[in-house]
4 protein chains.
Amino acid sequence: MSKEEIIEQEIINGAKKLMQQYGLKKTTMEDIAKAAGKGKSTLYYYFKDKEEIFDRVINLEMDEFFQTVKTAVYKQSNEIDMLKTYIVTKIKTLKDKANLYRFAIENDMQGRINKEFANLRNRYDNEEKKLISSILEKGVEASLFKSFVLQELDTLSELLVSCIRGVEMDIIAYNKNRSLLDKSDMLVEMLIKGIGK
Amino acid sequence: MSKEEIIEQEIINGAKKLMQQYGLKKTTMEDIAKAAGKGKSTLYYYFKDKEEIFDRVINLEMDEFFQTVKTAVYKQSNEIDMLKTYIVTKIKTLKDKANLYRFAIENDMQGRINKEFANLRNRYDNEEKKLISSILEKGVEASLFKSFVLQELDTLSELLVSCIRGVEMDIIAYNKNRSLLDKSDMLVEMLIKGIGK
Amino acid sequence: MSKEEIIEQEIINGAKKLMQQYGLKKTTMEDIAKAAGKGKSTLYYYFKDKEEIFDRVINLEMDEFFQTVKTAVYKQSNEIDMLKTYIVTKIKTLKDKANLYRFAIENDMQGRINKEFANLRNRYDNEEKKLISSILEKGVEASLFKSFVLQELDTLSELLVSCIRGVEMDIIAYNKNRSLLDKSDMLVEMLIKGIGK
Amino acid sequence: MSKEEIIEQEIINGAKKLMQQYGLKKTTMEDIAKAAGKGKSTLYYYFKDKEEIFDRVINLEMDEFFQTVKTAVYKQSNEIDMLKTYIVTKIKTLKDKANLYRFAIENDMQGRINKEFANLRNRYDNEEKKLISSILEKGVEASLFKSFVLQELDTLSELLVSCIRGVEMDIIAYNKNRSLLDKSDMLVEMLIKGIGK
DNA sequence: AATGAATGAGTTTTCATTCAT
DNA sequence: AATGAATGAAAACTCATTCAT
């Protein structure tokens, strides 16, 4: 990593922390600069404007988040456990990052969801969908899931991603993990009833 | 309705439109005043501050929204159709109100979720949950759903509300209704497989 | 004049003085606000942005300037004296306003001469041209100028306006009035030789 | 030319283009550096500050400009054609350099006309004046112009320079060359009437 | 009951300039 | 000889809120 990249990283990391703690609107360029131990104008040497910093932070957050989930999932030995782990890990991890989605939506800087961000989300959602798809596929091969799943693979994995996001949303909004495990367990259970053999 | 209440309504209605169109951050007191045909400072005669206006708007939105859904649901003659209608109507209605959730999350005015607002959301979610609960209960009575549903009534209805919200989120975020019906159909189908007799 | 208009005038008058004294770039919104005895943000209550204030100042300057010249001209009893007076008064008056043209050109806020300003200049130039035209016309009627002048009225009056502006430019640039009278006298003389009977 | 001088020339040439295109205020050190393919701070190795670069650019521009005009003028065989050529060439050439005068006036960097720059302009104006003077003188010798011209030589040539500058100004300001030839023709004509035999 | 007028306290952004290497 | 990195100092602009009338 070049020196430039290292400093960019430092700035982004500082910004990340601030945004997690205080939210987007409250995190000023001043704050970010201070956190990075730099002058305010130095930020503009590395980034075009505030928005570019936000984009980078969200990117970073999502990558880390997704990586964590994937790692946990691939430790499992069968597809049913993988699905369970996916749901539970995702939800648990999210609690450390409760402000992330807040950014995502709040960060509507031009009045509509900004394109860069939409792309980002699309990319991430696609990766999730692919992960789920592959689990479902492997699960059918392993005779764990009904074979009709293959015909509906696309819609089904999209649906799953959406449902899980819904449960996540509540956690972000209410910050309550009471009944969290209950809910994710039940989701898995329903799922297995629906698609499991 | 007193004259005072009428004017309050006018202000709120104008604000509602603006917020739906431009999002929270972009809607200024100036804009709201202009839309109401009043001076900016007049707003402070009717409302304590910006936040109070937001709260009122969200309240109004949610009431209307929930009312629409409930009306559609109660037109159905059996509980399976009620569930289907609940999901489909909610999603369809949401498309006119795509900014609503944006508020909900974005509206973190003091940097933490404001209590008044949290209460509001809780109230609404509870109503939804109660609606679902009662459908499920009636459905069991009518021998449409398995009886185990009664034991898990609470968690199950919460889970349903969350899942539907997840599908909604995608619609808000991507504004695509392609595959919308596919997804909601499949959700209903899965559901019936899971709890239907 | 409404109270709003009065205050606008006060702000513009203050701005005018500052800009005459310090030039455009050095005159900040802060300065203008202080001069008007108002807060900085108050300026934005009355004017959209800095540019709007500039436009107004230039407008005002030009109106005053043109008015002064016209008044002096119309005091004269024959067209030859009118032409002389036009040239001499314009040049003399300009010395109090040496920064005006500086603005005009410097104020290239969008990187090209801004449209509002171009319009303004056009309007003003046209008025000057019309003034000159009418003097020339009347002068021909009074048998003071050769009759060919009428055929070339348009180009000729434009040319005169341009030449006089050229002499003015030097005064602005060098701030020297040495030889000022010499030059304007000679211009008049040449002119009379060219068009006088 | 030493290597150092070559690089200085490259920088100045790049700066010249930028300033012609975007005007002074919009041309930043960053832009100049990029155009020269150098780092921003490198500029400070070759030049004291931004002002020094401007001075050099204006110098260069004026030299080129004046050279072009002079060359065209000396191709003519009599003084009347010389005067015509002077006016027409100057105006035509100017159109490529429309921002030049803008600099000249705009470049009031410390809020008062900077001495170095004033000298520069004086030098150039003097050269123009000398050129005109010599044409007039020769023209009298050749019996093309009236002899009174000699007595007023100084003021007269200054006046001519100023008038031509005025016509130029309009071209700069309006960017219209319609009626350009009309005007310059008429100026020549008037001139000849005034001073020609 | 209503608001015109005013602003405090931020916020982002710009850019010429410096300096260690 | 050249520059990457950094910044100070200012500038324009925003907006919820207040208050006298």
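Letters go in sequence order (proteins before strands), and every chain restarts at 1. Side chains included, hydrogens not; waters and symmetry mates left out as well; all remaining heavy atoms used.
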Between atom [atom1] in [X] and atom [atom2] in [N], what is the gap in whole Å?
X: Asp31(C); N: dC13(F); atom1: CG; atom2: C1'; answer: 16 Å
X: Ile32(B); N: dA16(F); atom1: CD1; atom2: C1'; answer: 11 Å
X: Glu30(B); N: dT3(E); atom1: CD; atom2: P; answer: 13 Å
X: Met29(D); N: dT18(E); atom1: CE; atom2: C1'; answer: 12 Å
X: Lys40(D); N: dA1(F); atom1: NZ; atom2: P; answer: 23 Å
X: Lys50(C); N: dC13(F); atom1: NZ; atom2: P; answer: 8 Å
X: Ile6(C); N: dG4(E); atom1: CD1; atom2: C1'; answer: 14 Å
X: Lys38(A); N: dG4(F); atom1: NZ; atom2: P; answer: 16 Å

Discussion item. By nearest heavy atom, map Gly39(C) and Gly37(B) onto DNA chain E; which one lands nearer the 5' end?
Written reply: Gly37(B)

Choose from [options] the nucleotide whose nearest atom is closest to any side-chain atom of [X].
X: Thr42(A); options: dA6(F), dC13(F), dT3(E); result: dA6(F)
X: Asp49(C); options: dA5(F), dT12(E), dC13(F); result: dC13(F)
X: Tyr44(D); options: dT11(E), dC15(F), dT17(E); result: dT17(E)
X: Ser41(B); options: dC19(F), dT17(F), dT12(E); result: dC19(F)
X: Tyr45(A); options: dA16(F), dT3(E), dA5(F); result: dA5(F)

Worksheet entry | Sub-4.5 Å side-chain heavy-atom contact between Lys34(C) and Leu18(C) | no

Practice prompt. Report yes if some heavy atom in the side chain of Met29(D) is under 4.5 Å from a heavy atom in the side chain of Ile53(D); otherwise report no.
Written response: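 A side-chain contact exists here, since the closest heavy-atom pair is under 4.5 Å.
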
Worksheet item: In Watson-Crick or G-U wobble terms, both distances under 3.5 Å, what is the partner of dT12(E)?
Response: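 Paired with dT12(E), as far as the under-3.5 Å criterion goes, is dA11(F).
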
Worksheet item: Does any nucleotide pair with dA1(E) by Watson-Crick or G-U wobble geometry, both distances under 3.5 Å, and what is it?
Response: none

Practice prompt. Give a yes or no on whether the backbone of Thr28(D) and the side-chain of Asp31(D) come within a donor-acceptor separation of less than 3.5 Å.
Written response: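 Side chain of Asp31(D) to backbone of Thr28(D), a donor-acceptor pair under 3.5 Å: yes, one is there.
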
Fill in: Asn13(A) side chain vs Lys16(A) backbone, donor-acceptor pair below 3.5 Å
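No; judged by distance alone, with no hydrogens or angles, the pair does not exist.
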
Worksheet entry | side chain to side chain contact (heavy atoms under 4.5 Å, CB included) assessment of Arg56(D) paired with Glu8(D) | CA-CA 10 Å; Arg56(D) 286 281 295 272; Glu8(D) 278 182 23; 3.3 Å; yes

Worksheet item: Closest nucleotide of DNA chain F for Lys48(C) versus for Tyr46(A): which of these residues is on the 5' side?
Response: Tyr46(A)

